[in-house]
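Worksheet for the structure shown next.
Computed from heavy atoms alone, side chains included, the values below leave out hydrogens, waters and symmetry copies. None of these values were measured; they are calculated from a predicted model.
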Amino acid sequence: MLTCTGFAAQTADSPLEKFTFNRRDVGENDVQIEILFCGVCHSDLHTARNEWRDSVFPVIPGHEIVGRVTSVGSGVTNFKPGDKVGVGCLVDSCQTCASCNEGLEQYCDNGFTLTYNSPEKVIGGRTFGGYSDQIVVDKGFVLRIPEGMDLAATAPLLCAGITTYSPLRHWKAGPGKKVGIIGLGGLGHMGVKLAHAMGAYTVLFTTSPSKVADGKRLGADEVVISKDAEEMAKHANSFDLFIDTVAANHDLSPYFALLKREGTMVQVGAPEHPMPIAAFDLIFKRRNFAGSLIGGIPETQEMLDFCAKHGITSDVEIIPIQKVNEAYERMLKSDVKYRFSIDMASLKTAA
Ligand code: NAP
Ligand code: ZN
């Protein structure tokens, strides 16, 4: 087994601290990766604090991983040492069900393996994520980072990027469509950039007046302060699609009123508690309410290539691992522009 170092939460109310743990040896179809950068997703915080009630401790979060291949198993021909690669939220799936056969591993009928807090199939225990020095991943779940991309700013594409790209593609965001992105955090700022690059008329909804200028700079055609009822009313019955990225419980009703006939509200944010929906918000105008989970491996590669072609990466604040607990507190105050990316070299000097 490989001896690895990372930052773990030992309980739901303890800060993340340095932790030594084991990973499986590199198997025939495995790729061993030295982790260079890892983005900080709000899901990491939800899991470290057991807000979804399914965490098994210790938890090492991190599923926006970019690194360098250090070795490969004998059955791996598509990656070699030195390659720049990424790992997102998934590290395995059944590979036989209808969803896996369509490259939609995130909807695997027999249960996928998440990058952290999932059962580890080879050595038992749980999977441990990217707040660590290295990771061993099946070759089918390793992504290729296009040449020339900034690695720190590319890491967040592996979750925030694909989670917004996938529903934008599925619900056909593009020219002639009016798309609303709700919340300007990690997911939201990628949603704005991607919807704009796809050619949709893009409107950002934010609770933070201080983010208006940034919203426009990132590609929004308009920015609406969601607490301003008058501004909201100007957009009544006009949207084809909403992507709701908000991490906290909030009232959905004001947004339904802005969807046009047969428009769709897609929930990607995953607040701790259920959110009520008024039947009439859907009944009138035959509106749709949907959810969307990250994206499959082929679509994640497609998203990375799309981002390389359009010059898109995440706006990141690079931090050492020692600052991760502080980063969590800042994320809760919506004080991040717009993703923390951990420089994993800092792990070597962490106490
Ligand atoms: P984040 O960076 O913290 O951004 C969330 C944004 O939501 C904030 O920046 C803020 O934007 C808005 N917000 C926060 N509290 C709010 C409140 N009380 N009322 C209204 N708006 C509020 O989080 P993230 O990393 O983008 O993740 C967002 C959510 O998506 C999390 O729940 C995460 O677990 C989930 N997620 C889901 C998937 C999936 O596959 N479906 C994948 C990854 C993450 P403004 O300041 O602009 O209002
Ligand atoms: Zn995530």
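Atom NE2 of H196 sits in a sparse spot, with 12 or fewer heavy atoms from other residues, nucleotides or ligands closer than 6.0 Å. Within a 6.0 Å radius of CZ in F57, other residues, nucleotides and ligands contribute more than 12 heavy atoms. The number of heavy-atom neighbours closer than 6.0 Å to NZ of K172, taken from other residues, nucleotides and ligands shown, is 12 or below.
Between the side chains of K178 and S238, at least one donor-acceptor pair of N or O atoms lies under 3.5 Å. Inspection of the Q134 and Q32 side chains reveals an N or O donor paired with an N or O acceptor under 3.5 Å. Inspection of the S93 and Q95 side chains reveals an N or O donor paired with an N or O acceptor under 3.5 Å. A donor-acceptor contact closer than 3.5 angstrom is absent between the side chains of T70 and E34. Using modelled atom types, one finds a donor on one side chain and an acceptor on the other under 3.5 Å when comparing D44 with Y116. Side-chain polar atoms of Y165 and E302 form a donor-acceptor pair below 3.5 angstrom.
Using modelled atom types, one side-chain atom of H189 and one backbone atom of G186 make a donor-acceptor pair closer than 3.5 Å. Of the possible donor and acceptor atoms, one in the side chain of S55 sits under 3.5 Å from a partner among the backbone N and O of T47. A donor-acceptor pair under 3.5 Å is absent between the side-chain atoms of S166 and the main chain of T163, judged by distance alone. Here the side chain of Q106 pairs a donor or acceptor atom with the backbone of G296 at under 3.5 angstrom. No side-chain donor-acceptor contact under 3.5 Å links S292 to the backbone of V268.
Contact annotation: the side chain of N110 approaches that of T96 to within less than 4.5 Å [non-hydrogen atoms, C-beta and beyond]. No side-chain heavy atom of V40 sits under 4.5 Å from any side-chain heavy atom of E64.
Between F19 and F21, the angle of the ring planes stays under 30°, which puts this pair in the parallel group of the 30/60° scheme.
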Practice item. Evaluate side chain to side chain contact (heavy atoms under 4.5 Å, CB included) for Y255 paired with F239, printing each intermediate quantity in order. Key: CA-CA 9 Å; Y255 297 102; F239 279 87; over 6 Å; no

Practice item. Go through the steps to decide whether I312 and F306 satisfy the test side chain to side chain contact (heavy atoms under 4.5 Å, CB included), and finish with yes or no. Key: CA-CA 8 Å; I312 293 174; F306 177 92; 4.2 Å; yes

Practice item. Show your working on side chain to side chain contact (heavy atoms under 4.5 Å, CB included) between V87 and L158 and close with a plain yes or no. Key: CA-CA 7 Å; V87 178; L158 276 307; 6.0 Å; no

Check your understanding: T3 and N22: side chain to side chain contact (heavy atoms under 4.5 Å, CB included), yes or no, with the steps?
Key -> CA-CA 5 Å; T3 304; N22 291 322; 4.0 Å; yes

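Here the options are L184, L187, V192, the test is side chain to side chain contact (heavy atoms under 4.5 Å, CB included), and the partner is Y338; only L184 passes.
V26 belongs to a hydrophobic cluster whose other members, connected by ILVMFWY side-chain contacts under 4.5 Å either directly or through intermediates, are L2, V136.
A salt bridge links E120 with R24: the closest approach of a Lys/Arg side-chain nitrogen to an acidic carboxylate oxygen falls below 4.0 angstrom. Between K333 and E326 there is no salt bridge, since none of the side-chain N atoms of the basic residue sits less than 4.0 Å from a carboxylate O of the acidic one.
A salt bridge (charged side-chain N to carboxylate O under 4.0 Å, His left out) check over residues 303-322, counting only residues at least two apart or in different chains, returns the pairs K193-D315, R217-D315, E317-R330.
Minimum interatomic distance between M232 and I225 (heavy atoms only, all atoms of both residues): CG-O, 4.4 Å. A pairwise comparison of heavy atoms in P320 and I342 identifies C-CG2, 4.2 Å as the closest pair.
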Taking distance alone, no hydrogens or angles, what donor-acceptor pairs closer than 3.5 Å link side-chain atoms of residues 141-151 to residues at least two apart or in another chain?
unit_1, atom_1, unit_2, atom_2, d
R144, NH2, N78, O, 2.2
D150, OD1, A152, N, 3.3
D150, OD1, A153, N, 2.9

